[in-house]
Amino acid sequence: MAMISEEHSKEKLGFEETELRLGLPGGGGIVNGDFGKNTNANGKRGYPETVNLKLNLSLKETEKGENLQKEKNLISCSNNAVKPPTKAQVVGWPPVRSFRKNVMAVQKSNSEEGVGGTATFVKVSMDGAPYLRKVDLNMYKSYQDLYGALGKMFNSFTMGKCDSQGMMDFMNESKLKDLLNGSDFVPTYEDKDGDWMLVGDVPWEMFVGSCKRLRIMKGTEAIGLAPRAMEKCKNRS
Amino acid sequence: MSEDEELPDLGGGSTRSSNSTAVSGGGGDHNYVSPSPDQVLENVLENVLCFLTSRRDRNAASLVCKSWYRAEALTRSELFIGNCYSVSPRRVTNRFRLVKAIAIKGKPRFSDFSLLPPDWGAHFGPWLSAMSRSYRALEKLYLKRMSVTDDDLSFAAQSFPILKELVMVCCEGFGTGGLAIVASGCREIRVLELMDSDVGDDEADWISCFPDNVTCLESFVFDCVEAPINFEALERLVARSPSLKKLRLNCYISIGQLYRLMIRAPQLTHLGTGSFSPLEIVAQGEQELNYFSAFAACKSLICLSGFREIIPDYLSAIYPVCGNLTSLNLSYANINAEQLKPVICLCHKLQTFWVLDSVSDEGLQAVSAACKDLRELRVFPVQALEDAEGPVSEVGLLAISEGCRKLQSILYFCQRMTNAAVVAMSKNCLDLVVFRLCIMGRHRPDHITGEPMDEGFGAIVKNCKKLTRLAVSGLLTDRAFSYIGQYGKLLRTLSVAFAGNTDLGLKYLLEGCPKLQKLEIRDSPFGDSALFAGLHHYYNMRFLWMSSCKVTRQGCEEIARQLPGLVVEVITRDREENETSEYVDTLYMYRSLDGPRADAPRLMVRPSLMICGKHCTSTECRFSIARSLDFTLSVWVPCISR
């Protein structure tokens with residue numbers, strides 16, 4: 001790859017100068033750093049060539065080991081000495097229109113990796129429901145808050161007891177037994193170790209940190225998980 | 001087959017006599033005695049000609065004799081201008097008087113990839129001026145890669161009171177303010193479609209500008225408009241548009257809002273779903289809407305797109321319509337194979353599928369297994385970079401070729417490919433008309449054998465006998481072009497980038513492909529001698545584009561000298577004082593009846609300029625050029641008087 005870079009450095013020279021010298025009407029250079037939308041001050045898109053530079057900016061944030069391509073520096077270098085230097089991006093290549101190039105930026109901001117954000121999105125499934133939901137655990141301060149939200153979310157799928165009261169009930173040992181033997185729903189979660197646990201066992205903050213996904217399952221199916229919970233109930237009281 | 005064959009044979013005699021008794025002005029004077037036989041014939045002709053709709057048939061009819069030329073000009077109602085600079089608006093409106101529908105294309109396609117400066121041209125203004133005087137009954141306006149201002153839109157709304165269809169593709173220069181004027185001014189509008197266009201956000205509430213009464217809207221497409229809209233106004237608009245069949249929303253429409261629109265318009269056939277994710281503020285605790293049932297209620301839905309900011313979990317809501325879909329566009333949805341599979345396995349009627357390479361080869365295998373009727377596939381890259389990891393490869397291409405035998409059109413972006421897979425596709429998909437393969441790394445060979453990609457593309461042109469459009473990539477030698485020249489006899493559009501070794505490559509093309517209309521080449525080592533090899537053919541072409549090749553200014557000037565009917569535009573970019581290049585940066589040339597354009601942008605003043613040979617003014621020359629333009633025959637008869 002590096003060899004090809006050198007072979008074509010002459011062409012790249014031409015292109016880089018192109019990028020710089022053909023100015024925007026009424027001014028030039030890189031427009032504002034909102035990399036989701038390529039707009040300049042009056043709302044129109046800036047000269048699309050700047051997209052290449054901006055994409056490199058966003059890549060810097062999200063991909064480790066790539067340096068920002070400086071305007072005058074034609075060959076971008078990598079922090080990682082082992083990786084060969086990436087080729088400078090050529091104008092208009094690959095031939096993808098600029099509005100398609102924003103896809104990655106948009107998707108990353110929605111992903112559950114939560115790059116740069118403080119969201120902790122986890123999937124929530126409920127047995128019998130046709131599709132999943134997602135909740136941001138950081139939005140809630142306690143189990144009660146969470147139960148309230150889950151209850152509202154899945155209201156249409158339950159015959160009743162999946163509400164905050166129902167979920168609170170299983171904190172009480174005797175009610176827990178009743179619940180688990182009935183057809184009501186209980187919330188469970190998968191923790192970092194891959195184990196399925198009943199929600200409510202550990203302190204809230206610890207739960208938020210260790211919960212990977214939630215599943216609201218039928219009480220009868222949760223029985224295997226129950227002994228642990230009952231044990232914990234005993235330990236608490 | 002055309003109706004011409006049933007017309008009486010006029011013979012040479014009557015043609016001459018019709019000339020001598022021709023009513024001047026083509027019917028302007030009225031003859032109050034009983035009309036001559038020639039006039040009767042002309043009236044008959046006019047009435048018959050309205051059955052000719054194909055422009056190629058009409059071109060043929062117009063060349064029979066002057067009488068037919070006149071009759072045809074008076075009865076042609078649909079115009080297609082493939083290059084807005086090939087002919088002046090005045091010339092068009094002088095010839096064709098009764099135009100109801102016009103399509104105008106402007107910039108060359110490579111302008112989409114930032115290879116032309118802004119303000120390059122293709123202004124709609126001059127066309128609008130001429131049409132506003134002559135075509136007040138215009139009903140349909142289609143613009144592609146044109147520069148359109150808000151003032152233009154305003155003037156158009158005033159000038160064409162019965163405008164029914166306005167479609168703008170890859171246009172720019174206007175904003176939501178202009179759209180507001182269209183919405184309020186074009187009272188008969190049935191089709192308003194904005195596609196892949198750059199629309200400025202003037203913060204105008206244009207949706208509210210539609211008239212309050214029931215509308216005749218049938219198609220409303222604004223998915224490319226990157227500006228928030230007044231949702232309540234949109235909801236009311238949809239509610240009072242009972243004929244609405246196509247609706248494509250922009251990314252500012254949340255899934256909850258989509259739901260509300262869908263339950264108001266279950267008759268939709270084409271739906272662009274907007275962002276397909278919830279508004280952030282109500283994401284938590286939002287009463288769950290039954291999106292599944294909303295889709296289930298749209299029993300006529302055959303085309304789905306959008307998914308601009310999709311939360312993949314919601315994708316299952318579309319299950320109820322998958323079985324009816326003929327077109328699905330997921331090219332903004334960053335989903336993986338596992339997320340795609342449950343959807344695609346239901347889409348057994350799918351003919352058109354656009355997707356991101358995030359679904360990987362495995363996702364494409366699922367497509368191949370499920371979509372046996374697939375005609376068009378486009379696979380776009382999530383990361384449009386040369387050195388990115390590529391989730392799709394020859395594996396996906398091979399799978400598609402084996403499962404989707406009826407494939408006619410493919411656009412495939414990838415990081416690695418093999419000749420074997422391309423050859424396999426050439427043998428499996430014999431109906432291919434469009435083959436566009438973009439191996440994103442420049443000069444990348446077959447990643448298994450290390451060979452150039454010559455054999456693969458050679459097999460495509462050889463085996464796919466219906467091929468008219470081809471885009472090549474990867475490491476290619478002159479041999480690839482010899483194959484294309486040898487076998488690409490129906491090829492009309494060819495796109496070349498970073499390919500070839502010597503002038504021979506381009507020579508093979510220009511000498512071998514008689515139907516070539518549009519040739520765009522970048523960063524390939526073709527020079528003047530190759531350029532001269534096409535002198536016999538350039539008047540037959542819509543355009544030739546060559547950027548970052550080895551063409552010199554002298555070469556361009558020589559072409560212009562030898563072919564006075566061509567406009568030769570040259571862009572040489574600004575350089576430092578001590579830096580010179582013997583080569584021009586961009587050559588864009590096209591035939592034109594009206595010589596070089598006057599509206600070259602300020603930025604192109606010096607040192608770039610427009611070259612044109614001495615503008616030919618003789619009528620024979622002009623007539624023979626006219627025969628080659630898109631609204632006449634495409635066969636060029638060389639001008640004799642030079």
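Numbers restart at 1 for each chain; the letters A, B, ... are given by sequence-line order, proteins then strands. Both backbone and side-chain heavy atoms feed into the values below; hydrogens, waters and symmetry mates do not.
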Atom group of B/Ile439 that falls short of 4.5 Å from chain A, counting heavy atoms: backbone

Which atoms of B/Tyr319 approach chain A - backbone, side chain, both or neither, heavy atom under 4.5 Å: neither

With a 3.5 Å distance limit and no angle check, can you tell me whether B/Arg522 reaches the backbone of A/Gly92 through a side-chain donor-acceptor pair? yes

When rounded to the nearest 0.5 angstrom, what is the spacing between [atom1] in [X] and [atom2] in [Y]?
X: A/Lys134; Y: B/Tyr314; atom1: NZ; atom2: OH; result: 10.0 Å
X: B/Asp196; Y: A/Arg97; atom1: CG; atom2: CZ; result: 5.0 Å
X: A/Ser98; Y: B/Asp198; atom1: OG; atom2: CG; result: 7.5 Å
X: A/Arg100; Y: B/Leu356; atom1: CZ; atom2: CG; result: 7.5 Å

Flag yes if more than 12 heavy atoms outside B/Arg416 fall under 6.0 Å of its CZ atom; otherwise flag no. yes

Quick check: do A/Pro95 and B/Phe413 have side-chain heavy atoms less than 4.5 Å from each other? yes

Evaluate the criterion side chain to side chain contact (heavy atoms under 4.5 Å, CB included) for residue pair B/Cys438 and A/Trp93; output intermediate values, then yes/no. CA-CA 10 Å; B/Cys438 183; A/Trp93 188 263; 3.9 Å; yes

Test side chain to side chain contact (heavy atoms under 4.5 Å, CB included) on A/Val91 and B/Phe113; report intermediate values, then the result. CA-CA 7 Å; A/Val91 175; B/Phe113 314 120; over 6 Å; no

